[in-house]
Amino acid sequence: MTDPRREAVLIRRPDSSAFDDKTSEVLEYVAGADFTHVTFLPANGPRKYRYAAQRVMILSNPVRHVLGNRDRVSIRRQFVQGVTEVWRFDGPGQTWWRVFSRAGERESYQTCGQDEFSIIQATELPTEAYEVLNYWQDVVTHLKTTDPLGPLYQQFKTVPPGSVLDLYLRGEAVDTSADVEELIFPFPSNLSQREALRKGLTHRLSVIDGPPGTGKTATILSLVANIIRTPGKTVGIVSSNNAAVENVRDKLAREGLGHVVADLGRSDVRRKFFAGQHAENVEAQRHAGSSSVSMPAAGRISDLDERLQHLQVLTRELAIRRQEVAAYRLERRHFRHHVDSHNLPPLPALTILQRPSGRILEFLAETASVPADESPFKRFFRRFRGRLRYGSTKHIDPNSTDVVLRLQAAFYDSKIAELEEQIEQAEAQLDQNHTPGLENELRNLSRQALDASLHQRYAGGRSRGYSEDTYRRDFKNFANDYPVILSTCHSLLRSIPAGFLLDYLIIDEASQVDLLVAGVALACARNVIVVGDLQQLPHIANEDAAERARPAPAPSYDYGRHSILSSVIERFGTGLPRTMLREHYRCDPAIIDFCNKKFYGGQLVPYTISDPANKALVVVRTVQGNHMRQHVGGRTNQREADVIAQEVLQEFCSDTRPEDIGVVTPYRLQVDKVAEALVNTIQADTVHKFQGLEKQVIIMSTVLDETKSGRFGVEFVDNPQLVNVAVSRAVKRFVLVTNYDMLPASRHLRDLVQFIQYQDPEHGVFDSAVLSVFDLLYKEYSALLRPLAARIQNTSKFASENIVWTLLLEILAEANYTDLAVAQQVVLRNLLPDLSRLTPRQMAYVRNRATVDFVIYNRITNVPVLAVEVDGFAFHEADPVQRVRDDLKDAICLVHGISLLRLPTTGNGEEHVIRQKLTTAILDKTSF
């Protein structure tokens, strides 16, 4: 019998100069001049093979390699468990390694070439890393005894070297994993998705922020395609539940790629896979291996992609311009209503009205910033320069508010015309370049490249009879046949052999994946791509276990506070490779506009186009009265259920199929009430259950009323992530059904109500004594005032205003004030719907271009929150005339309910005063 520790028998592959090891035990070999006989011991008994002499290589005199205590042996990028000995055979051409390992009483060995072999010298993890594992283990001990994490953590004691868990616990800089090859795009891919692909495939850890409707699943499919096109590469896709991974599985199957996927989740799912789907996949794999597909010409995909990216930049700009023009048209409707109520005289024919929109704002900014003590020479130079830039303006008085409002109206008309022209030019350019045709060509070429790669993966292979009990024993071949492993986070560790590391792990819906299950999954892969959205509903931690366990060794590993998504973002900070998917394809623009402004900082770009005939956002109030009822375990509101069934469906859903309608509510008991009142084909469920779903029409029942108990429930119902999920499920229309008072004690739902009312100026505007701030107008106006104020900063007034402006921007950048924005030098008349409440003297003051230094307003609803005046001593206190003007402004603000804060430049503690006043104004629902 041949001693495998002393000799190695290698057989050259047919039609190749490369040799392979026969891993089954060699019983004997007999060398001859022409032929060599070798007897092997495969699983089903000894077999004798006859090879040509030149096809057999026999190596002898090996050298034993001594391993360190923590050294790990890797063959073909997979760790070998239970290593007992390692021998090196130096042969012609290359070095060969033979690794012996023991599992129970059985010893086996593997042989591989130098390029497939490595010894990883494991470095000691920092103490903090072991403290994290001990902390997680402690949390698990406080879970229910039936929790599946208990048995998992009993065997999960160490961190596999080379795993992404090792990187995560160290918290070191996220290094690159490899240079990206030529990317392929067999699925629709936009600019954000390309960036996500590149970062995900070139870094060991990356994050993809996937807001609603931005093509998150398509991005995952593209990642999968680019991973499995490389021979031998594997990828696991996991989530906290089966629904997310089943969505990926179903979409791969619809694309004809179901045969690359192994569904190894829960035991029942795994059993079903091997009992049925596996047999179908074997035939598909055999067909893929026998159907030769040529690889596209080198560089063809890259060249086409480069051309298409230039057009996609233009496509994104087109979508942004459409978004802008819709916003300006809406604001213009509000502004015209405002101007028409004042019966302003028309402007004479002016050259400036023919200039670009920005020139109109420049004129308004310059005439608003003329110093009171301007010298005759400077006045002459300013007027001469103004004549060249703006044409003749001698027939208008720039200090008249009537003139200012007419010029502001002209600005809207000019700005919208400019945007419409840009849209027409972009559409023409995209049509000229046949963008859809190029996209189809790129997808087809990419699919050809993927099919060619899969042909190489399956060519020459034979179908293997894997079963649920045996597939782990031959997992190397199984993973080659099934490079995409689907599982839940709980089940992944049990789904693959001990020590096997997947090349990539994709964690989907990561905001709902807690750290305990994530830690187990991260131990199974070398690289991870975390996909989720912090603005959607998070996981629900076991509060009892979190409180009873020892404190977390570091905040970013706290089980009670963090999902795996929020944890890696906090752990790695700005050094984390992170991409937000910005292009939105689901909701009507008006629907996603609320979510975009409220939760995503305006970063999303809607690619959908609104239907003018569609009423996308609706508020339905129940009749006056308290209709909520408190029960053990929840709340119900029968009146809201009846309104939905008897009124909302007829009024707002008559053009929609029942199966395309969804009713959501925060309370499980209310779901039952609604379900009783509806037809069976209309789906009703909690908002939590609707995460990940979409319907043409979404109806939301808030349940609460103005009773003490109802107000007590506001914190739960007004959760920002819950509101975001509820609204963003709607494709065509969102209907909010709420109490008569429309939850004034709420914050996010109140913003939603006011946003909906702002979208419908004719029917949805509040009967208020103060107008909404004209957000777009003053954003551009403030941008022009900044450099201008800096140029003429020769008085304490302008210096102090700049200081307050900077302070306000810093305060509003904080998390508590992200819903707020600030405009400067707001014309007071822009805030007043009419002047009927004012005295003649106050009217004259307002008409003389009276302004407010700063107005802080809600940037989602445009509702003003706080006016701020900066009072320089010399300009205000020491000037009797200015004190009279200040008194007039104070009286005007008082009669219209405008909350006004005066900041004297001789005072102190301005930051504290601003914060205090802001907090009061926000909490006071009657402010403004």
Side-chain angles (χ1 to χ4, degrees), residues 11-20 52 55 76-77 113 115-116 178-189 197 201 218 221-235 248-263 273 277-305 308 437-466 471 474-486 503-504:
I11 310 297
R12 191 177 70 196
R13 293 196 297 267
D15 304 320
S16 171
S17 60
F19 284 80
D20 282 335
R55 289 189 57 199
R76 300 176 189 91
R77 300 177 291 109
D115 57 341
E116 299 176 314
D179 291 331
V180 67
E181 300 178 3
E182 180 184 60
L183 294 177
I184 60 172
F185 307 96
F187 308 100
S189 295
L197 254 64
L201 296 173
L221 298 183
S222 293
L223 283 166
V224 168
N226 280 277
I227 292 169
I228 67 174
R229 70 176 300 217
T230 302
K233 290 285 186 181
T234 54
V235 55
V248 175
R249 177 200 64 197
D250 294 344
K251 290 190 175 182
L252 283 171
R254 284 198 291 271
E255 294 292 336
L257 295 170
H259 59 285
V260 306
V261 178
D263 216 343
F273 168 77
Q277 188 61 43
H278 170 55
E280 298 179 18
N281 290 345
V282 166
E283 292 302 315
Q285 291 167 3
R286 183 182 292 115
H287 177 75
S290 61
S291 303
S292 179
V293 180
S294 61
M295 192 69 70
R300 179 77 180 103
I301 292 177
S302 295
D303 292 342
L304 190 59
D305 179 47
L308 190 57
L438 290 176
E439 291 174 340
N440 288 331
E441 185 180 357
L442 178 61
R443 286 202 293 269
N444 291 336
L445 280 175
S446 297
R447 182 56 192 261
Q448 180 182 339
L450 177 59
D451 289 343
S453 299
L454 293 179
H455 168 72
Q456 295 174 5
R457 180 181 285 265
Y458 295 116
R462 60 183 180 84
S463 60
R464 296 177 174 86
Y466 305 115
Y471 78 95
D474 192 15
F475 199 77
K476 185 183 108 180
N477 285 323
F478 181 83
N480 182 73
D481 293 344
Y482 290 106
V484 182
I485 306 295
L486 302 185
D503 293 295
Y504 288 89

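Since the model is a prediction, treat every value here as computed from it, not as a measurement. Atom set for the values below is all heavy atoms of this structure, side chains included, hydrogens, waters and symmetry mates excluded.
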Would you say the side-chain atoms of Asn480 and Asn477 include a donor-acceptor pair closer than 3.5 Å?
-> no
Atom pair CG (Leu183) and CG (Leu442), whose distance is rounded to the nearest 0.5 Å = 10.5 Å
Decide yes or no on side chain to side chain contact (heavy atoms under 4.5 Å, CB included) for His455 and Ser292, but give the supporting numbers first.
-> CA-CA 6 Å; His455 168 72; Ser292 179; 4.1 Å; yes
Verdict with supporting geometry, Tyr458 and Arg286, side chain to side chain contact (heavy atoms under 4.5 Å, CB included) | CA-CA 7 Å; Tyr458 295 116; Arg286 183 182 292 115; over 6 Å; no
Which atom names give the shortest non-hydrogen contact between Gln448 and Ser294, and what distance separates them?
-> NE2-O, 2.9 Å
Please name all residues satisfying side-chain contact (heavy atoms from CB on, under 4.5 Å) with Gln277, sequence neighbours left out, ordered by chain then number.
-> Phe273, Glu280, Asn281
Only counting residues at least two apart or in another chain, list the ones meeting side-chain contact (heavy atoms from CB on, under 4.5 Å) with Arg443.
-> Pro188, Glu439, Asn440
Atom pair CG (Asp305) and OG (Ser446), whose distance is rounded to the nearest 0.5 Å = 8.0 Å
Sequence neighbours left out, what passes side-chain contact (heavy atoms from CB on, under 4.5 Å) with Ala218? Give chain and number order.
-> Gln193
Would Leu454 and Leu257 satisfy side chain to side chain contact (heavy atoms under 4.5 Å, CB included), going step by step from the backbone distance to the final call?
-> CA-CA 10 Å; Leu454 293 179; Leu257 295 170; 3.8 Å; yes
Gap between atom OG1 of Thr230 and atom CG of Asp503 - 0.5 Å precision = 9.0 Å
Applying side-chain contact (heavy atoms from CB on, under 4.5 Å) to Asp250 and not counting sequence neighbours gives Arg254
Output for pair (Met295 CE, Leu450 CG), nearest 0.5 Å, gives 9.0 Å
Check the pair Ile227 / Leu201 against side chain to side chain contact (heavy atoms under 4.5 Å, CB included), numbers first and verdict last.
-> CA-CA 8 Å; Ile227 292 169; Leu201 296 173; 3.7 Å; yes
Rounding to 0.5 Å, atoms CZ (Phe185) and CG (Asn444) come to a distance of 14.5 Å
Write out all pairs satisfying salt bridge (Lys or Arg N to Asp or Glu O under 4.0 Å) with one or both partners inside residues 293-302, taking only residues at least two apart or from two chains.
-> Arg300-Glu441
Excluding sequence neighbours, so at least two apart, what forms ring pair (Phe, Tyr, Trp, His ring centres under 6.0 Å) with His278?
-> Tyr466, Tyr482
Point-to-point distance, once rounded to the nearest 0.5 Å, from CG of Leu308 to CD1 of Ile301 = 12.5 Å
Closest heavy-atom pair, Ile184 versus Ala225, reported as atoms and distance to 0.1 Å, is CD1-O, 4.0 Å
